Amino acid sequence: MCGAVSGGIMVVGLFTGRSASTDSITETYRKVQKLLEEFRLRFGSTNCRELTGCDLGTDEGQEFFKKNDIKKTCRIYTEGATGIALSLVEDRLSGGRRTKA
């Protein structure tokens with residue numbers, strides 16, 4: 001999985017996750033699914049190898065990543081995942097109250 005997507009999932013979990021084992025997980029699961037869906041729609045996949053065109057777990061993949069400056073592409077994915085995650089937890093960022101723009 002793309003690291004940016006994994007980070008977005010962690011943000012959603014941090015803001016909507018359970019405080020007690022008896023709390024519902026429905027909101028968190030719903031928002032994580034929404035994050036995955038929106039990211040896939042925007043970028044075509046949530047899979048790192050598919051997004052970058054290389055396997056970062058190999059020397060060849062690392063070389064391809066560097067040679068083709070894929071870091072720039074990853075930055076776009078990171079910005080996208082961050083924006084999606086923040087939009088999903090926006091109401092929690094201000095203590096449960098939406099701020100007026």
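Keep in mind that what you see is a predicted model, and the values were worked out from it rather than measured.
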Apply side-chain contact (heavy atoms from CB on, under 4.5 Å) to Arg75 and list each qualifying residue two or more places apart in sequence or on a separate chain.
-> Glu79

Is Leu14 reachable from Ile9 through a run of hydrophobic residues whose side-chain heavy atoms are each under 4.5 Å from the next?
-> yes

Give a yes or no on whether Val12 and Met1 share a hydrophobic cluster (residues Ile, Leu, Val, Met, Phe, Trp, Tyr; joining criterion: side-chain heavy atoms under 4.5 Å apart).
-> yes

Glu50 and Ser45 have their tightest heavy-atom pair at OE1-OG, 2.6 Å

Rounded to the nearest 0.5 Å, how far does CZ of Arg49 lie from SG of Cys54?
-> 9.0 Å

Quick one: closest heavy-atom pair of Phe39 and Cys2, and the distance?
-> CZ-SG, 4.3 Å

Using a 4.5 Å cut-off on heavy atoms from C-beta on, say whether the side chain of Phe15 contacts that of Leu88.
-> no

Cluster link Ile25 to Leu35, ILVMFWY, side chain under 4.5 Å | no

Looking only at heavy atoms, the pair that brings Gly13 and Thr28 closest together is CA-CG2, 4.2 Å

Rounded to the nearest 0.5 angstrom, the CD-OG1 distance for Glu38 and Thr46 is 13.5 Å

Is the backbone of Ala4 close enough, under 3.5 Å, to the side chain of Thr78 for a donor and an acceptor to pair up by distance?
-> no

Check whether any side-chain heavy atom of Ile84 lies under 4.5 Å from a side-chain heavy atom of Arg42, and answer yes or no.
-> yes

Between NZ of Lys31 and CZ of Arg92, what distance do you get to the nearest 0.5 Å?
-> 6.0 Å

Do the side chains of Phe43 and Val11 join up, straight or via other hydrophobic residues, at under 4.5 Å, putting them in one cluster?
-> yes

Name the atoms and distances for all side-chain donor-acceptor pairs under 3.5 Å in residues 66-74, with sequence neighbours left out.
| residue | atom | partner | partner atom | Å |
| --- | --- | --- | --- | --- |
| Asn68 | ND2 | Phe64 | O | 2.9 |
| Asp69 | OD2 | Lys72 | NZ | 3.3 |

Donor-acceptor contact below 3.5 Å, side chain Tyr77 vs main chain Leu51 | yes

Calculate, to the nearest 0.5 Å, the distance between atoms OG1 and OH belonging to Thr16 and Tyr29 respectively.
-> 11.0 Å

